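Heavy-atom basis, side chains included; hydrogens, waters and symmetry copies ignored. The structure presented is a predicted model; accordingly, all values stated were derived computationally and were not measured. Labels below follow one simple rule: chain letters A, B, ... track the order of the sequence lines, proteins then strands, and each chain is numbered from 1.
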2 protein chains.
Amino acid sequence: MSIKYAILGLLNYSDMHGYRIKTHIENNFGHMWSINFGQIYPSLKELEKDGLIKMREKTPSDSGGPHKKLYSITKKGRSDFTRWLTTPPDKPMLIRDPFLLKFAFFSFGDIEEAKKIIDKQIELFDAQLKRRKMNRKRWERQTVYVRLLAELGVSQNELYLKWLRRAKTEIEQTPRPSDTSSNKQGGK
Amino acid sequence: MSIKYAILGLLNYSDMHGYRIKTHIENNFGHMWSINFGQIYPSLKELEKDGLIKMREKTPSDSGGPHKKLYSITKKGRSDFTRWLTTPPDKPMLIRDPFLLKFAFFSFGDIEEAKKIIDKQIELFDAQLKRRKMNRKRWERQTVYVRLLAELGVSQNELYLKWLRRAKTEIEQTPRPSDTSSNKQGGK
DNA sequence: TCTACCATGTAATCTGTTACATGATTGC
DNA sequence: GCAATCATGTAACAGATTACATGGTAGA
């Protein structure tokens, strides 16, 4: 399970507690990885059970802050992480895009409706690109790897936007199958 | 659930049975979608139960071919599909790439090991690019949408490869943190 | 006081994958 | 006869999402 190694990798940087792990992943890998509390806390428990991490410190609720559990990576965890790091990835890249699936079937629908949906997608990715460009600056002084990752994110985003815009103009220029079918949408 | 609409969309083209649906998706959307029998057959049952498709014909094993169940979309299925088609996508794009996750942590590992893994990724995507370029030709005479989708696949693949090659040269030029730590890998 | 955010956790549900079981047909 | 492919299906498992429950702190 990849999430365990993502956690292990973060704990390799510094000790953290569950909540921080989530915000950290969201801030730094949000464009390629997401995670829920429903995964984090059980994962932390398992990692601890396997001896890969251990709870270093527990802030009890009566001593100031909220009750946190600070975890740190163990020697065993570090060696397991290194083993994982030097092993080629087990699973191929997975892309799941509900928009592109819909797009594939747009020939069955109305061109104007299709264009509206494409416009929404453009809006969405315009906003995302802005965020990614800001993040890229933040990461410039990080390791080469993190910086390169951020640059990939920006490039992919730009490519996608360019494609969306081209798609829109191309389907406008496509001769539609001359609305012969009196498509009564007998809804409801 | 998107898979149900993918099936509904294919049945909107023509009647099919479960096995064909899988091979069809593999051939046409393999680069952006995958599906298992473990999903198809239960999905078909549910779609039938909901009245969105119906079994048109069943070839019994004693009348020639193997026992097939030919499904076709119903009026209700068609209107539900149209409703889905004109609704903006509910979920955002999901990318899950074990390679990129590993990449993010390469600073903890050995550069030579990292380069080996990158090379493997390049090999993988070189092969994929060839396949995609062949498919693109096959799809030139399909609808604009399918053609555009194929072109996006090729462009994304090319961008990714370019990035991988650049990443390799950039990490080579990066001054490594002067191998002071006598990194004994106490394996076993 | 109330809201926003920090923090941990569980349960239910949904999705997806893998493995298994069965059996027919086609071509060698 | 045997292997490959066509064809349908189920069970077990893995992974991810959502909703819920609890309670603390900080600031308006």
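Map B:L94 and B:L70 each onto its nearest nucleotide of DNA chain D; the residue landing nearer the 5' end is B:L70. Nearer to the 5' terminus of DNA chain C, by closest-nucleotide assignment, is the contact made by B:K91 (compared with the other of B:F37 and B:K91). Position along DNA chain D of the nearest nucleotide to A:I35 versus B:T23 favours B:T23 as the more 5'-ward residue. Between B:I3 and A:P42, the residue whose closest nucleotide on DNA chain C is further toward the 5' end is A:P42.
If you check every strand for non-hydrogen atoms under 4.0 Å, B:G38 touches a base.
Salt bridge status for B:K45 with B:E48: absent, with no side-chain N to carboxylate O gap under 4.0 Å. Under the 4.0 Å criterion applied to side-chain N and carboxylate O atoms, A:K91 and B:D97 are not assigned as salt-bridge partners.
Look at A:Q39 and you won't find any side-chain N or O under 4.0 angstrom from OP1 or OP2 of D:dG15. At D:dT10, one or more side-chain N or O atoms of B:K45 fall inside 4.0 Å of OP1 or OP2 (strictly under the cut-off). Look at B:N36 and you won't find any side-chain N or O under 4.0 angstrom from OP1 or OP2 of C:dG16. Distances shown here put a side-chain N or O of A:R96 below 4.0 Å from the OP1 or OP2 atom of C:dG16. The side chain of A:Y19 contributes an N or O atom lying less than 4.0 Å from OP1 or OP2 of C:dC6. At least one side-chain nitrogen or oxygen of B:K69 sits closer than 4.0 Å to the OP1 or OP2 atom of D:dG9.
No side-chain heavy atom of A:L52 sits less than 4.5 Å from a side-chain heavy atom of A:I73.
In this entry the distance linking CD of B:E26 with P of D:dC6 reads 10 Å, nearest Å. Distance CD (B:E48) to P (D:dT8): 13 Å, rounded to an integer number of Å.
Looking only at atom types and distance, the side chain of B:Q156 has no donor-acceptor partner in the side chain of A:Y160 under 3.5 Å away.
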